[in-house]
2 protein chains.
Amino acid sequence: MNEAVVLTPERILEVTEDVLRRFGLAKATVVDVARALDVSHGSVYRHFPSKASLREAVARRWLDRVSAPLAKIAEGSGPAPARLERWLRTLCLAKQKKVCDDPEMFATYLALAREACVVVKAHREKLADQIATILSDGVKQGAFQVTDIKGSARAILDAINRYHHPAHAEEWKDADLAVRFDALLALLLKGLEAPRKR
Amino acid sequence: MNEAVVLTPERILEVTEDVLRRFGLAKATVVDVARALDVSHGSVYRHFPSKASLREAVARRWLDRVSAPLAKIAEGSGPAPARLERWLRTLCLAKQKKVCDDPEMFATYLALAREACVVVKAHREKLADQIATILSDGVKQGAFQVTDIKGSARAILDAINRYHHPAHAEEWKDADLAVRFDALLALLLKGLEAPRKR
DNA sequence: TGAATGACAGATATTGAAATCTGTTATCAA
DNA sequence: TTGATAACAGATTTCAATATCTGTCATTCA
C-alpha cells in the first residue's frame, strides 16, 4: 500500500485534509496524519514546524480553491457591473456550497476565522484585490464612479460579509436569503454607478 | 440586607444581570441568582420557566438599551440622509462601547447570536424597522430613491453587519476600522440617493 | 549525510466517579 | 390561597488520575 513514497509537504497536506474530513478539527491529531502516511509523527515536523502551521497551510490551500475561479472572473472582460455581480454571486455560492459539500474543512475555516488567523486575513485581502481589479476596469469603462478603488473594494467585501463569512453560515439556510442578497447587490451596484451622461 | 422584598421578574432580571457580569455566562447558575436574591432556586422558576428563558429575557432587556436611543434618532426630524448616517454610526459605536464596558453581557449576546436565538432575531428586526422609518422619510423628502423600503432597510443592516454583529467584535479593534466604515457608509448613501433634479 | 525513528518531557485531553445544576413537586407557612 | 422551601431525579459539570498529544532530539539507517 504505502510503498517507498517520498514524504513531501504536498503529500502531508493532502493527507491532513483527509484526516480533518474524517475526524474533524477538534479530534484530528498529528499522530493521525503520521499514521495515515505510515511515518512517525516526528517526520511531519520536518516539513511543518507545528500543528498550527500545518493547519494553516491546509486551510490556505483549501481557500485558494475558492479564490482561484473568482480570479478568472475578475480578470475577464465585458462590462464591469455585470462582471462584479457575477463575481459576488460566485463567491457567496461557493461558500454556501462548501458548507454542505465539505463540512469539516469548512469548520476548520470557521475556527481559523474566529482566531483572526493570518491565512483568513490573506484570503480576504486577495478577494478585495480581485474586486479592485473589476472596479478599476469599471472606472475605465466609465461604468463606475469610484475615487478610492481599494477602499471601495474593501467596503463591498464588508457589505456582503453576512453572505460569505463563515460565522454566518447558519444564516445561509434562511428562506429569504436570495431576496435579501439581491436587494443588497442592487444597492451596492447603484452606489458604484457613474452618473448617466444625458 | 435582603428584607422582605417582593420577588418580581424585574428584580430577578436585575440580579441575573449582576450574576452574569460577575461569573460570566458559562459559570452563572440559577442557584447563584437565587442565592443573591436570598430565595430558594425553585422560586426563580415561578417567574421564568427555564434557565434558558431567563437568559433570553435578560438579553432582551439589555439589547433594548441599545435600540431605544436609536429609535429616538429614527423618529427624529431633519434630512433623512444625515439621520440615517447618524443612526448607523450610533448603532455601531454603541456596540463597540458595550464590548469594553460590559464584556460579560456582551459575551451573553454573542452566545445567543451564535444560537440563532429569537431574541437576537427580534432585535435585528427592530433595527431594520427603524432604518425603514428613516428610508420612508427620505423617500417623502425626495432624498432617497427606494422601491422596496423594508427590503432596502434589511440590506443596509446586512451591509454593516461586520460593524455591529457580535461575531465580529474582535475586528472592531482594527486600526483601519473607521476608514473602512466611512467608505461603506458613503457607498450605501450614494446607492440610496435619488437622482438629482437638473 | 539526510531522513526517519523512537524515546522523552511537558502540555493537554480523556475518563469515570463525585459534585452540582436544572427543573419539578409535595409540603408548609403566612 | 399563594408563595416559598426543601427534597428529589435525571442531566450536566467538575475533578483528579490517567492517557495521549505536541514538539524535540539523540540515535540509527540507507
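In this text the structure is predicted, and so the values were computed from the model without any measurement. A note on names: the letters A, B, ... follow the listed sequences, proteins ahead of strands, and every chain is numbered from 1.
Near DNA chain D, meaning a heavy atom under 4.0 Å away, the residues from residues 26-34 of chain A are Thr29(A), Val30(A), Val31(A). The stretch residues 50-62 of chain A comes close to DNA chain D through Ser50(A), Lys51(A), each having a heavy atom under 4.0 Å from the strand.
Taking 4.5 Å as the limit, some side-chain heavy atom of Asp18(A) sits within range of a side-chain heavy atom of Arg21(A). In this structure the side chain of Leu84(A) reaches within 4.5 angstrom of the side chain of Leu192(A), judged on heavy atoms.
Not a single salt bridge (Lys or Arg N to Asp or Glu O under 4.0 Å) links Lys121(B) to another residue, sequence neighbours left out. With sequence neighbours excluded, the residues that form a ring pair (Phe, Tyr, Trp, His ring centres under 6.0 Å) with Phe181(B) are Tyr163(B). Taking Asp148(B) as the reference, nothing meets the salt bridge (Lys or Arg N to Asp or Glu O under 4.0 Å) condition, with sequence neighbours excluded. Judged as a ring pair (Phe, Tyr, Trp, His ring centres under 6.0 Å), and not counting sequence neighbours, the contacts of His165(B) are His168(A). Residues passing the salt bridge (Lys or Arg N to Asp or Glu O under 4.0 Å) test with Arg61(A), sequence neighbours excluded: Glu10(A), Glu17(A). Listed by chain and residue number, His47(B), Phe48(B) satisfy the side chain to side chain contact (heavy atoms under 4.5 Å, CB included) test with Pro9(B) (two or more places apart in sequence, or in another chain).
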Do any side-chain atoms of residues 69-77 of chain B form donor-acceptor pairs under 3.5 angstrom with protein atoms, and if so which ones, sequence neighbours left out?
none

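Chain A approaches DNA chain C over the interval dA3(C) to dT14(C), counting the first and last nucleotide 5' to 3' with an atom under 4.0 Å from its heavy atoms. For DNA chain D, the span of nucleotides reached by chain A at under 4.0 Å from its heavy atoms goes, 5' to 3', from dC21(D) to dT24(D).
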Next item on the list: Go through the steps to decide whether Arg114(B) and Leu110(B) satisfy the test side chain to side chain contact (heavy atoms under 4.5 Å, CB included), and finish with yes or no.
Entry: CA-CA 6 Å; Arg114(B) 281 188 182 155; Leu110(B) 174 58; 3.9 Å; yes
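A side-chain donor from one of Tyr109(A) and Lys95(A) sits under 3.5 Å from a side-chain acceptor of the other.
For the side chain to side chain donor-acceptor pair (under 3.5 Å) condition, the pairs that include at least one residue of residues 22-33 of chain A, sequence neighbours left out, are Thr29(A)-Asp32(A), Asp32(A)-Arg35(A).
For the pair Pro49(B) and Val39(A), both in contact range of DNA chain C, the more 5′-proximal nearest nucleotide belongs to Val39(A).
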